[in-house]
Chemist: 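One structure coming up, written as structure tokens, with questions to follow.
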Amino acid sequence: MIPGLPYDTELPERVGVLVLGSGLAGCAALLAAAEGGQFAVMLEKTSEIGGSTVKSAGLSAFAGTAEQQAQGIADSVELLRKDLLEVGQHRNDERLVDLYCEHQLETYDWLKAHGVRYGEVHAASGQSAPRSHPTDTTAMLVHLLKAAGRLGARVVLDAPADRLAHEGGRVVGVDVRTPDGTRRVLADSVVVATGGFSQNPDLLARFAPQMEHALRAGGAGCEGDGLLMAWQLGAGVVDTPYIKATYGHFHEMHPDEDGTGILAVYKGAISVNREGRRFVDESRNYKEIGDRALAQPGVTTYQVFDSRVLAASSDEVPIYDFAGRESSGLLVRGETVEELEERLGLPSGSLVTTVSDYNAAIRAGTPDPLGREHLSGSVGTPLPLEQAPFFAHPSGSVVLATYCGLTVDTHLRVLDVFGEPIDRLYAAGEVIGGFHGAGYITGTSIGKAGIFGRLAGTRAAAEESELEW
Ligand SMILES: Cc1cc2nc3c(=O)[nH]c(=O)nc-3n(C[C@H](O)[C@H](O)[C@H](O)COP(=O)(O)OP(=O)(O)OC[C@H]3O[C@@H](n4cnc5c(N)ncnc54)[C@H](O)[C@@H]3O)c2cc1C
């Protein structure tokens, strides 16, 4: 339990805005609702705040920021919009893409005004300009919750919402599980910010059976509760066919594995399967690489790289912290490619041939047979893997987030299966669908949680009170 946050041990009877879930979407909604003048209360199912947000790599996708300018990165909201639609294969709800684009910079300013700080910006999957802004996510949530607390908002831990209470054609609150049964908390409006269902194997089996061999990570409480509660009231659900696993994670959850994995491929590594063969253009979106990895023999693959790639390590960004992995003993090392091949138990000569063919094509400037032209997306140029020693990171695919979810309109009101708003019910963050479409750009889940969480809190706070106080 983080000290200094506005905790309450008792459930309130009645509130203005009731927020379910304490990830970024919930914390942003709580603060925005409090800034909107409402008595706002957050219920968190577990005994800790943060959900998947605090387990994440902490990268937010914004375009046109001071950090980008300071690094001389040319980017624009138009380019961000284009990337979102192209990576989403135009299956995204364009209105939600526009909503993100319209409010991203003002939300970034709002977060910074509340004390959030971002480090060096990096390029990552699906970005045609570097726009992954790293931050310490726990510190970010603490800033937001303390600010909300100063405005009278409260947080109740170990308070799992069980069912939405719906009366007279509108949501009137939530039934919360308690040691003695359930207790109803009445609210003028409810914001569902309960995250995704990466920790619910039954829902994953229902919507994404192809993830059977994928690992699972994310907040312990991320089991799809909000999705099910809203579904019971007739909410629509979209984008379930686009649940993807992320590439780069340790093939088995090692005790030192924090769930973040590394993406050495984006700094020049190649990825090979158990036959020592490359199987994908490594510059592609890590979800796409994740899909391809799940189809490889034995599911396990290896990111293979040399000392030059290791030197591009950054301890600020977990997915690029190769040196940290080495010191934790999570990399396999060989003084030569041959030795590495032997240590990995790959067929004799397989990795040596793969690396030498890869290097030869780069040196000769001939097209890569798998189509690789860049390090990541359309950024960077691959270099030969030639500087000893050599390293391999056993890598699998893991479901970090579920990307699909509730249908919402541009006010973040939850829509039923016929597209009608469910009165007084809002949703934000990973629990909503429609925004990413068929593909995901790094940083847009945290981005979406902050931007839409804030908007949902503001909108929910604007609902007129119909309760007798
Ligand atoms: C290892 C990892 C790395 C990632 N890296 C990135 C990244 O760098 N950039 C990016 O954009 N995205 C990343 N993601 C995804 C991103 O972290 C999430 O999509 C995002 O943080 C979701 O925020 P949220 O507020 O919607 O949900 P969460 O942060 O998951 O919060 C939801 C909260 O709701 C609570 N809850 C659930 N059910 C109930 C209930 N019934 N009652 C009350 N509370 C409930 C949960 O316990 C949880 O605390 C990563 C995810 C993981 C796991």
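Just so you know, ligand 1 is whichever comes first in the structure, and atom 1 is the first atom listed for that ligand.
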Chemist: With a cut-off of 4.0 Å, which atoms of ligand 1 are near a heavy atom of D225?
Modeler: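 Once the distances to D225 are compared, the set is 38 (N), 39 (C), 40 (C), 41 (N).
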Chemist: Relative to the heavy atoms of T46, which atoms of ligand 1 are at a distance of less than 4.0 Å?
Modeler: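 Taking each heavy atom of T46 in turn, ligand 1 has 47 (O) under 4.0 Å.
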Chemist: For the side-chain contact (heavy atoms from CB on, under 4.5 Å) test, which of L111, D109, T444, V121 pairs with F62?
Modeler: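 Among the candidates, only L111 passes.
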Chemist: For ligand 1, which atoms have a heavy atom of L400 less than 4.0 angstrom away?
Modeler: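 Those qualifying, in numeric order: 1 (C), 2 (C), 3 (C), 51 (C), 52 (C), 53 (C).
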Chemist: Using a heavy-atom cut-off of under 4.0 Å, does the side chain or the backbone of A25 touch ligand 1, or both, or neither?
Modeler: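 For A25, backbone and side-chain atoms both sit under 4.0 Å from ligand 1.
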Chemist: Do R454 and T107 meet the criterion of a side-chain donor-acceptor pair at a distance under 3.5 Å?
Modeler: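 Their side chains do contain a donor-acceptor pair, which is all the 3.5 Å distance test asks for.
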Chemist: Check E94 with R81, please: is the shortest side-chain N to carboxylate O separation under 4.0 Å?
Modeler: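 Yes, charged N to carboxylate O under 4.0 Å.
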Chemist: Ignoring hydrogens, just give me the one of V431, T442, T53, L20 whose non-hydrogen atom is nearest atom 29 (O) of ligand 1.
Modeler: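 Among V431, T442, T53, L20, the closest heavy atom to atom 29 (O) of ligand 1 belongs to T53.
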Chemist: For ligand 1, which is the ligand I care about here, please tell me if I446 has any N or O atom under 3.5 Å from one of the ligand's N or O atoms.
Modeler: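 Among all N and O atoms of I446, at least one is under 3.5 Å from an N or O of ligand 1.
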Chemist: Can you find an N or O of Y440 that's nearer than 3.5 Å to an N or O of ligand 1?
Modeler: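 Yes; at least one N/O pair falls below 3.5 Å.
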Chemist: Has ligand 1 got any nitrogen or oxygen that is less than 3.5 angstrom from a nitrogen or oxygen of M229?
Modeler: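 No; the residue has no nitrogen or oxygen that sits under 3.5 Å from a nitrogen or oxygen of the ligand.
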Chemist: Any donor-acceptor pair under 3.5 Å linking the side-chain atoms of K448 with those of H436?
Modeler: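 Their side chains do contain a donor-acceptor pair, which is all the 3.5 Å distance test asks for.
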Chemist: Does ligand 1 have any atom sitting under 4.0 Å from a heavy atom of G219?
Modeler: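 No heavy atom of G219 comes that close to ligand 1.
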Chemist: Quick check: does A57 get an N/O under 3.5 Å from an N/O on ligand 1?
Modeler: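 Looking only at distances, the answer is yes, because the N/O contact criterion of under 3.5 Å is met.
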Chemist: With rounding to the nearest 0.5 angstrom, report the CG to CG distance, L406 to D239.
Modeler: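 Going from CG on L406 over to CG on D239, the span is 11.5 Å.
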Chemist: Checking side-chain hydrogen bond (donor to acceptor under 3.5 Å, both in side chains) against E67, which of K112, R131, R117 comes through?
Modeler: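 Testing each of K112, R131, R117 against E67, the sole residue satisfying side-chain hydrogen bond (donor to acceptor under 3.5 Å, both in side chains) is K112.
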Chemist: Would you mind listing which atoms of ligand 1 come within a distance below 4.0 Å of any non-hydrogen atom of L43?
Modeler: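 Answer for ligand 1: 43 (C), 44 (N).
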Chemist: Taking the six-membered ring for Trp, is the centroid-to-centroid distance between H122 and Y320 below 6.0 Å?
Modeler: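 When the ring centroids of H122 and Y320 are compared, they turn out to be within the sub-6.0 Å range.
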Chemist: Identify whether the distance between the nearest side-chain nitrogen and carboxylate oxygen of K82 and E78 falls below 4.0 Å.
Modeler: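 E78 and K82: not salt-bridged.
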Chemist: Out of S56, A401, G224, whose heavy atom is nearest to atom 14 (N) of ligand 1?
Modeler: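 Looking at heavy atoms only, the winner is S56.
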Chemist: So, do F435 and Y403 have ring centers that fall under 6.0 Å from each other?
Modeler: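 Centroid separation for F435 and Y403: 6.0 Å or greater.
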Chemist: Which of the atoms in ligand 1, numbered in the order shown and given with their element, are less than 4.0 Å from a heavy-atom of G443?
Modeler: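 Counting from 1, the qualifying ligand atoms are 9 (N), 10 (C), 11 (O).
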Chemist: Give the atoms of ligand 1, by number and element, whose distance to some non-hydrogen atom of G50 is under 4.0 Å.
Modeler: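 The atoms of ligand 1 under 4.0 Å from a heavy atom of G50 are 29 (O).
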Chemist: Assess the pair F197 and F207: is the distance between their ring centroids shorter than 6.0 Å?
Modeler: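 Ring-ring flag for F197/F207: true, centres closer than 6.0 Å.
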Chemist: Would L59 count as being in polar contact with ligand 1, using the rule that some N or O on each side must be under 3.5 angstrom apart?
Modeler: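 By distance alone, the answer is yes.
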Chemist: With only distance considered, is K55 within less than 3.5 Å of ligand 1 through an N or O on each side?
Modeler: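 No, since none of the N or O atoms of K55 sits under 3.5 Å from an N or O of ligand 1.
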Chemist: I need the atoms of ligand 1 closer than 4.0 Å to a non-hydrogen atom of A193, numbered in the order shown.
Modeler: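 So the atoms of ligand 1 that pass are 32 (C), 33 (C), 34 (O).
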Chemist: Could you work out, for atom 28 (P) of ligand 1, the closest of A161, G450, S52, G26 by heavy-atom distance?
Modeler: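 Minimum heavy-atom distance to atom 28 (P) of ligand 1 goes to S52.
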Chemist: If we only count heavy atoms from C-beta on, is the R95 to V97 side-chain gap below 4.5 Å?
Modeler: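 No, every pair of side-chain atoms sits at 4.5 Å or beyond.
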Chemist: Should E288 and K244 be marked as a salt bridge (charged side-chain N to carboxylate O under 4.0 Å, His left out) after you check the CA-CA gap, both sets of side-chain angles, and the distance that decides it?
Modeler: CA-CA 8 Å; E288 221 177 302; K244 303 269 184 208; over 6 Å; no
Chemist: Need the ligand 1 atom indices (1-based, order shown) with element for anything under 4.0 Å from a heavy-atom of G58.
Modeler: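 Per the distance check, 8 (O).
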Chemist: Counting heavy atoms only, which part of S60 comes closer than 4.0 Å to ligand 1: side chain, backbone, both or neither?
Modeler: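 Neither part.
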